[in-house]
Amino acid sequence: MVHLNNGDEMKKWALVTGASSGIGESFTRLLAAEGFNLVLVARDEVRLNERAAGLKSKYGADSIVLVADLATESGCAKVEDFIANNEVEVLINNAGFGINKAFTMSDLAKEEEVLKVLVRTPMRLMHVALPKMKERNSGIVINVSSVAGFIAGGAYSASKAYLTVLSESLNTELSATKVKVSALCPGFTRTEFHQRGRMKMAGLPQFMWLNSDALVAKAWKDALAGKPVSIPGWQYKVLVGIISSVPRSLVRRVGMNLRVKQR
Ligand code: NAP
């Protein structure tokens, strides 16, 4: 077990994938402030070690760095093994990236990478974590999905729809227990996501941008309250309300145009 003994206090462990930047990094600071030790997962070892040092100096939290490329079988298996052999109280499935090329013009390898990082990995990590949480009758899983999952905007959208629907199903399946599963569905959030995906964002109105720390605080509150889906920000609550009340044919038509184009 990785329970560390910090004086009288036994801190529990939270595992965050994509902990090196953006929404994942916000989660690591929130969870450290909430009294958890952290397991930090991503590919960039240098950045993860910097994050670990920051969490120690600011919050006194211990961190374990797990360098893993979640698009690979070995990277996914490494994190799975860690969860299987340790007591992880909080799992944040957050690692991800955007793809916005038309399906008929995209690389098959890139399409498969989307499935491996956004779909296969969170599914497998939950498959190992949730039975243990159920047995302990304690644990929280937050899957970082997207409002894109509510529209029909290509492979990214489809992957996020999978994650939201699976989260909702698991929330119901575990409703008689104290294990909580929630999908966080952010709208446009200021992180490295759009720059990494070479997306054109100049035209997006200011009010549509969300702050990563604020949305993570809201997601945590919603998960603790047992909500299956968390949609931070009034603008995205309105948008999702509209999407669910207009005919799906309109959502399909507009959805493809809502996709962010590449630079
Ligand atoms: P970000 O700043 O680019 O962070 C992405 C994180 O995922 C990084 O820590 C990155 O770390 C990690 N990652 C990417 N590919 C990985 C891989 N193959 N293996 C392991 N780690 C990987 O973007 P973000 O906005 O915080 O994205 C986090 C999540 O939020 C994603 O699932 C995204 O789909 C979702 N989301 C974002 C927005 C938005 O507008 N920003 C909106 C809705 C949903 P390394 O590069 O070090 O591996």
Side-chain angles (χ1 to χ4, degrees), residues 1-3 10-19 23-24 26-28 30-41 66 70 76-96 115-150 158-186 215-232 236-237 240 244:
M1 290 289 164
V2 288
H3 267 147
M10 294 280 280
K11 285 199 177 193
K12 291 185 173 175
W13 287 81
L15 186 148
V16 181
T17 69
I23 295 171
S26 292
F27 265 114
T28 64
L30 176 135
L31 291 164
E34 291 286 328
F36 289 92
N37 285 325
L38 272 306
V39 184
L40 309 175
V41 181
L66 279 191
L70 299 172
C76 183
K78 184 176 180 178
V79 186
E80 256 180 335
D81 285 352
F82 185 92
I83 296 171
N85 293 307
N86 294 284
E87 195 172 300
V88 171
E89 181 65 10
V90 176
L91 168 63
I92 312 289
N93 276 313
N94 162 76
L115 286 181
K116 283 174 181 160
V117 178
L118 301 185
V119 174
R120 184 271 316 263
T121 295
M123 181 277 289
R124 274 180 43 182
L125 300 190
M126 285 196 284
H127 202 260
V128 63
L130 284 173
K132 296 180 76 185
M133 290 180 173
K134 191 176 164 189
E135 202 177 305
R136 293 200 308 273
N137 199 22
S138 170
I140 299 174
V141 176
I142 298 178
N143 292 314
V144 183
S145 186
S146 173
V147 290
F150 298 112
S159 301
K160 293 302 192 181
Y162 169 91
L163 199 53
T164 302
V165 172
L166 184 60
S167 306
E168 288 186 272
S169 310
L170 292 169
N171 182 286
T172 309
E173 185 174 330
L174 294 164
S175 59
T177 76
K178 289 186 176 159
V179 180
K180 296 167 192 303
V181 182
S182 184
L184 162 59
C185 298
L215 82 86
V216 160
K218 175 74 172 117
W220 180 245
K221 212 172 137 207
D222 285 348
L224 291 179
K227 291 195 183 171
V229 178
S230 173
I231 303 168
Y236 291 102
K237 283 190 184 67
V240 172
S244 44

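Just so it is clear, the values below take in all heavy atoms, side chains as well, and ignore hydrogens, waters and symmetry mates.
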Q.
I'd like to check the side chain to side chain contact (heavy atoms under 4.5 Å, CB included) partners of Lys221; sequence neighbours left out, ordered by chain and number.
A. none
(Q) If you compare all heavy atoms of Ile140 against all heavy atoms of Met133, which two are closest, and at what distance to 0.1 Å? (A) O-CE, 3.8 Å
Q) Of the non-hydrogen atoms in Ala14 and Leu31, which two are nearest, and what is the gap between them? A) CB-CD1, 3.8 Å
Q. Quick check: does any side chain N or O of Lys132 sit under 3.5 Å from a backbone N or O of Ile83, one acting as donor and the other as acceptor?
A. yes
(Q) Quick one, Glu87 with Lys12, criterion salt bridge (charged side-chain N to carboxylate O under 4.0 Å, His left out). Give me CA distance, side-chain angles, the key distance, then yes/no. (A) CA-CA 8 Å; Glu87 195 172 300; Lys12 291 185 173 175; 5.8 Å; no
**Q.** By salt bridge (charged side-chain N to carboxylate O under 4.0 Å, His left out) - contacts of Lys227 (at least two apart)
**A.** Asp222
(Q) Can you confirm whether Glu135 is buried at CD, in the sense that more than 12 heavy atoms of other residues, nucleotides or ligands lie under 6.0 Å from that atom? (A) no
Q) Around atom NZ of Lys134, are there more than 12 heavy atoms of other residues, nucleotides or ligands at under 6.0 Å? A) no
**Q.** Within-4.5 Å side-chain heavy-atom neighbours: Ser159 and Leu115
**A.** yes
Q.
Do Leu166 and Met126 have side chains that approach each other closer than 4.5 Å (heavy atoms only, starting at C-beta)?
A. yes
Q. Any side-chain heavy atom of Leu66 within less than 4.5 Å of one from Phe82?
A. yes
Q. What are the two closest heavy atoms between Val147 and Cys185, and how far apart are they?
A. CG1-O, 3.5 Å
Q: Report the distance from atom OG1 of Thr177 to atom CZ of Arg136, rounding to the nearest 0.5 Å.
A: 11.0 Å
Q) Is the backbone of Leu70 close enough, under 3.5 Å, to the side chain of Thr121 for a donor and an acceptor to pair up by distance? A) yes
Q: Report the C-alpha distance between Phe150 and Lys160 in whole Å, list the side-chain angles of each, state the deciding distance to 0.1 Å, and finish with yes or no for side chain to side chain contact (heavy atoms under 4.5 Å, CB included).
A: CA-CA 8 Å; Phe150 298 112; Lys160 293 302 192 181; over 6 Å; no
Q.
Between Thr164 and Ala161 (side chain of the first, backbone of the second, donor and acceptor by atom type, cut-off under 3.5 Å), is there such a pair?
A. no
(Q) Using every non-hydrogen atom in the two residues, find where Leu118 and Gly96 come nearest and quote the distance to one decimal. (A) CD2-CA, 3.5 Å
Q.
Once side chain to side chain contact (heavy atoms under 4.5 Å, CB included) is applied, do any residues pair with Leu163, and if so which ones, sequence neighbours excluded?
A. Pro122, Asn143, Ser145
Q: Mind listing the closest non-hydrogen atom pair of Pro186 and Ile23 along with its distance?
A: CG-CD1, 4.1 Å
Q.
If we check side-chain contact (heavy atoms from CB on, under 4.5 Å) with Trp220, which of these qualifies: Leu184, Val90, Leu215?
A. Val90
Q: Looking only at non-hydrogen atoms, find the nearest pair between Val117 and Ala95 and report the distance.
A: CG1-O, 3.7 Å
Q. When you measure from the side chain of Asn137 to the backbone N and O of Lys178, does any donor-acceptor pair fall under 3.5 Å?
A. yes
Q: Would you check if Cys76 and Lys116 make a side-chain contact, meaning some heavy-atom pair closer than 4.5 Å?
A: no
Q: Identify which one of Leu125, Val16, Val144, Leu15 satisfies the side-chain contact (heavy atoms from CB on, under 4.5 Å) criterion when paired with Asn93.
A: Leu125
Q) Between Val128 and Arg124, is any pair of side-chain heavy atoms under 4.5 Å apart? A) no
Q.
Can you tell me how far apart CZ (Phe27) and CG (Asn94) are? Round to the nearest 0.5 Å.
A. 7.0 Å
Q: Ignoring hydrogens and angles, tell me if any N or O in the side chain of Asn171 forms a donor-acceptor pair with the backbone of Gly226 under 3.5 Å.
A: yes
Q) Quick check: are there more than 12 heavy atoms from other residues, nucleotides or ligands sitting under 6.0 Å from NZ of Lys237? A) yes
Q: Take Leu170 and Glu173 through the test side chain to side chain contact (heavy atoms under 4.5 Å, CB included) and record every step on the way to the result.
A: CA-CA 5 Å; Leu170 292 169; Glu173 185 174 330; 3.8 Å; yes
